[in-house]
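Note sheet for the following structure.
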Amino acid sequence: MKRDLKPATIAAHAAGAVDKQSAGVVPPIQTSTTFMRDETYALIRPDNIYSRDDSDTVRTAEQVITKLEQAEDTLLFPAGMAAIAGVFRTLLAGDTALVQSGIYWGTTKWIRDFCARRDVTLHEVEASDAAALKTACQAHRPTLVFIETPSNPWLRTVDVAAAAQATHAVAGTLVVDATAATPILMKPLALGADIVMHSATKAINGHSDVLAGVLSTNAPTDPIWEAIKMDRHDAGAVLGPFEAWLLIRAMRTLPLRVERMTENAVTLAQYLHNHPQVEDVFYPGLPHHPGHEVAKQQMSGYGSLLSVLVKGGRAEALKVVGKLQLFLRATSLGGVESLVEHRHTIEPHTGIPENLIRVSVGIEHIDDLKDDWEQALS
Ligand SMILES: *Cc1c(COP(=O)(O)O)cnc(C)c1O
């Protein structure tokens with residue numbers, strides 16, 4: 001394929017993946033776990049020995065993401081958490097890691113446990129405060145800095161370029177969890193990040209039926225990338241070919257889905273922000289959001305995730321959540337169907353306000369989405 005194609009074109013064509021054998025316009029699923037050698041015992045395909053991690057189907061999915069991220073290399077994992085674990089497993093005893101506070105709880109919990117177990121010093125910092133992040137980098141000289149923007153469920157925005165500068169000034173590696181931004185709305189590698197991570201379970205797959213994670217880089221010869229790659233191969237955190245194939249299929253509509261979800265989210269956020277029963281809305285697309293200016297600079301759209309603080313407390317929030325009909329009460333985000341979550345019920349001890357409702361906006365018609373909130377808030 002031509003090099004400078006737009007994301008919508010790359011995605012629609014699955015980065016040029018067709019089935020050369022049958023001439024089908026869709027790539028096949030190769031399920032073989034093992035690959036043959038010829039009479040002289042040479043591999044018929046030198047890059048295919050055994051499917052941990054030699055898989056053409058996985059490589060095709062990785063290629064689509066590489067193109068969308070404008071990266072040099074991509075690795076898929078069986079979950080977003082496996083991708084994060086793949087990064088952190090490169091740390092050695094005695095190393096220091098700096099992690100943004102108030103991010104996806106599963107990430108924070110696993111990193112805390114891992115660092116304690118492995119004798120890695122962990123510092124947590126409110127990274128949406130660029131000065132605080134810079135000070136923390138200078139004070140602790142971390143090997144690894146991990147941020148998440150926009151963050152889940154606070155929707156805090158981290159200035160990726162400033163974070164990259166602060167990290168590189170102390171020779172660290174910056175990893176950005178850009179799940180809520182998707183590869184369509186933000187390009188962390190172009191902003192200076194070393195590795196971009198996504199839970200592909202969310203918008204990249206977008207149909208709430210595949211669990212996957214992804215890392216991309218534009219520095220594939222960096223020792224950290226080689227270590228992550230070797231660990232995936234040797235330790236076997238690989239995605240199966242069926243899941244990879246579903247991802248290839250789903251990503252054909254990724255730019256289209258993200259466009260509609262973002263459009264819906266902007267309209268819904270404005271509507272909710274103006275509603276008398278709503279105390280506040282956390283969404284980087286709203287001008288009063290503290291991260292609005294940074295988000296405007298580094299993103300081409302504000303994404304489909306927002307959090308709503310309804311007036312009152314736990315009871316009022318649960319009442320609204322209980323009355324919603326189109327917004328399904330379930331965890332996760334980035335799917336074509338809208339979801340709501342009362343985060344405090346899920347993680348009662350992490351400082352989430354009891355009146356916070358996290359919202360993942362889907363691709364439904366905006367009038368139906370607004371009507372649903374109108375009746376739930378009345
Ligand atoms: C869901 C999520 C993860 C974890 O991904 P899994 O695919 O569920 O393992 C990590 N970061 C963010 C921001 C997420 O939303």
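Residues: numbered from 1 along the sequence shown. Each ligand, and each atom within it, is numbered from 1 in the order the structure gives.
Between T167 and Q165, the side chains place no donor N or O within less than 3.5 Å of an acceptor N or O (distance only, hydrogens not considered). No donor-acceptor contact under 3.5 angstrom links the side chains of Q30 and S55, judged on distance only.
With hydrogens and angles disregarded, no donor-acceptor distance shorter than 3.5 Å links the side chain of E69 to the backbone of A71.
Using a 4.0 Å cut-off between charged side-chain N and carboxylate O, D56 and R45 make a salt bridge. Look at E341 and R358 and you find a salt bridge, because one of the NZ, NE, NH1 or NH2 atoms lies within 4.0 Å of a carboxylate O, short of that distance. Taking the charged nitrogens against the carboxylate oxygens, D113 and R117 have no contact shorter than 4.0 Å, which rules out a salt bridge.
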May I have every N or O pair linking ligand 1 to the protein at under 3.5 Å, one per line with atom names and distance?
| unit_1 | atom_1 | unit_2 | atom_2 | d |
| --- | --- | --- | --- | --- |
| ligand 1 | 5 (O) | S199 | OG | 3.1 |
| ligand 1 | 7 (O) | G80 | N | 2.8 |
| ligand 1 | 7 (O) | S199 | OG | 2.8 |
| ligand 1 | 7 (O) | T201 | OG1 | 2.6 |
| ligand 1 | 9 (O) | G80 | N | 3.0 |
| ligand 1 | 9 (O) | M81 | N | 2.8 |
| ligand 1 | 11 (N) | D177 | OD2 | 2.6 |
| ligand 1 | 15 (O) | N152 | ND2 | 3.3 |
| ligand 1 | 15 (O) | K202 | NZ | 2.7 |

